[in-house]
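The figures that follow rest on heavy atoms only: side chains count, while hydrogens, waters and symmetry mates do not. Residue numbers start from 1 in every chain, and the chains themselves are labelled A, B, ... in the order their sequence lines are given, proteins ahead of strands.
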There are 2 protein chains.
Amino acid sequence: MTQCCEHHPPEEQLTRNQRLVLDALRSEDGPLTAYNLLDRLRDEGLRAPPQIYRALEKLVETGIVHRLESRNAFVSCNHAHCGGQGVLFAVCDDCGSIEELRTDAIDAALRSTTEAIGFHAHRLAGEVRGVCRPCGLKKTAS
Amino acid sequence: MTQCCEHHPPEEQLTRNQRLVLDALRSEDGPLTAYNLLDRLRDEGLRAPPQIYRALEKLVETGIVHRLESRNAFVSCNHAHCGGQGVLFAVCDDCGSIEELRTDAIDAALRSTTEAIGFHAHRLAGEVRGVCRPCGLKKTAS
DNA sequence: TGAAAACTGTTATAATATAACATAACGGTT
DNA sequence: AACCGTTATGTTATATTATAACAGTTTTCA
Ligand SMILES: [Zn+2]
Ligand SMILES: [Zn+2]
Ligand SMILES: [Zn+2]
Ligand SMILES: [Zn+2]
């Protein structure tokens, strides 16, 4: 969370804009788009898209924040991603909720798949569509 | 390729615009963006983005074409995806080449990961970043 | 045949992201 | 302190990606 290993720069080194963006993402439990963030941070002096995108770029690079590709949105992460594990979201087709999964169980299978074609895998990024537990229960109830 | 099972509508049923877009994608070995396609198909009478996006929507829905999220681009597929297997691309960080992988080997691990949280998974969509075989060989050579 | 559904063409606009440039703050060296 | 390279910032303008909305046409099929 704070600093799990030598790979991650400590959060204290974040710049003002990076910190503002990160805090905004943390204070939200779902994903936010760059323009959502811009709206929320205008009062703090962030007025133009590049300011947001630059902060996001750095945060994503260090793995504190992930980009949710299918929605052009960003979420803060409280996993570690130390050894270079992947980033995988479970996205509910019914309610749109998302949850980040650990890829540990998948990594071995993934590796064998890529090795078969001589591809040297670094990390997986993906999304699983499906139905979350609450939505599943609602369905069987009805 | 043509029709592998009852899930896929036969390609003969594609409309003119869908066929034009599909053929354009097939004639290219890499991914194309919607606007790339628009440029290539202007002479065939496709002049506006919605015409391209609508065709793509249908093609992606039926699984003949995939969307490469990290690039906002589209690629034709020659796998089957019958049982609802996922869509997974290996993307080379060095040369940008892409290759579609089968997800069979990782489906089980994925399932156990999602079941652990009560999520009922339908299908995976993702990308593995890494280094492709040719680029790997170039590196060790140098 | 005749209504519903799907596809088409078109214009306009929304939403997402980056280029380019000028300035300011930071960090280490002399 | 003065210097210099690097990184971060603010700003304007623009590029890129995607959809809304509407009118007309074709296809499907009861
Ligand atoms: Zn994470
Ligand atoms: Zn749900
Ligand atoms: Zn495929
Ligand atoms: Zn390569």
Do NZ/NE/NH1/NH2 and the carboxylate oxygens of A:E44 and A:R42 come within less than 4.0 Å?
->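 Result for this pair is no, no salt bridge flagged.
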Charged N-O contact under 4.0 Å between B:R67 and B:E69 =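 Salt bridge between B:R67 and B:E69, a charged N being under 4.0 Å from a carboxylate O: yes.
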Using whole Å, what does the distance between atom [atom2] of nucleotide [N] and atom [atom1] of [X] come to?
{"X": "A:L38", "N": "C:dT18", "atom1": "CG", "atom2": "C1'", "value": "15 Å"}
{"X": "A:L32", "N": "C:dA17", "atom1": "CG", "atom2": "P", "value": "13 Å"}
{"X": "B:N72", "N": "C:dA15", "atom1": "CG", "atom2": "P", "value": "16 Å"}
{"X": "A:D39", "N": "C:dT16", "atom1": "CG", "atom2": "C1'", "value": "13 Å"}
{"X": "A:Q13", "N": "C:dC26", "atom1": "CD", "atom2": "C1'", "value": "13 Å"}

Using a heavy-atom cut-off of 4.0 Å to chain A, what are the terminal contacting nucleotides of DNA chain D, in 5' to 3' order?
->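 Extent of the interface on DNA chain D: D:dA8 to D:dT12.
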From A:L88 CG over to A:E127 CD, what is the distance, rounded to the nearest 0.5 angstrom?
->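 Rounded to the nearest 0.5 Å, the CG-CD separation comes out at 8.5 Å.
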Under 4.0 angstrom, heavy atoms only, what part of the nucleic acid is A:R71 near: base, sugar-phosphate, or nothing?
->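 Nothing, no heavy atom under 4.0 Å.
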Holding to salt bridge (Lys or Arg N to Asp or Glu O under 4.0 Å), I want the full list of residues that pass it with [X], two or more places apart in sequence or in another chain.
{"X": "B:R111", "result": "none"}
{"X": "A:R19", "result": "A:E11, A:D23"}
{"X": "B:K138", "result": "none"}

Mark yes or no for whether A:T33, through its side chain, and A:N36, through its backbone, hold a donor-acceptor pair below 3.5 Å.
->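 Yes, the answer is positive, given that a donor and an acceptor are paired below the 3.5 Å cut-off.
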Which residue pairs satisfy the ring-ring contact (aromatic ring centres under 6.0 Å, His included) criterion with at least one member in residues 96-121 of chain A, sequence neighbours excluded?
->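 Matches after skipping sequence neighbours: A:H120-A:H122.
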Along DNA chain C (nearest heavy atom to each residue), the more 5'-positioned of B:P49 and A:Y53 |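 Comparing both residues, the 5'-ward one is B:P49.
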Output a table of nitrogen or oxygen pairs between the protein and nucleotides 6-9 of chain C separated by less than 3.5 Å.
from	atom 1	to	atom 2	distance (Å)
C:dC7	OP1	B:K58	NZ	3.1
C:dT8	OP1	B:T15	OG1	3.2
C:dG9	OP2	B:N17	ND2	3.0
C:dG9	OP2	B:Q51	NE2	2.6
C:dG9	O5'	B:Q51	NE2	3.3
C:dG9	N7	B:R54	NH2	2.5
C:dG9	O6	B:R54	NH1	3.1
C:dG9	O6	B:R54	NH2	3.3

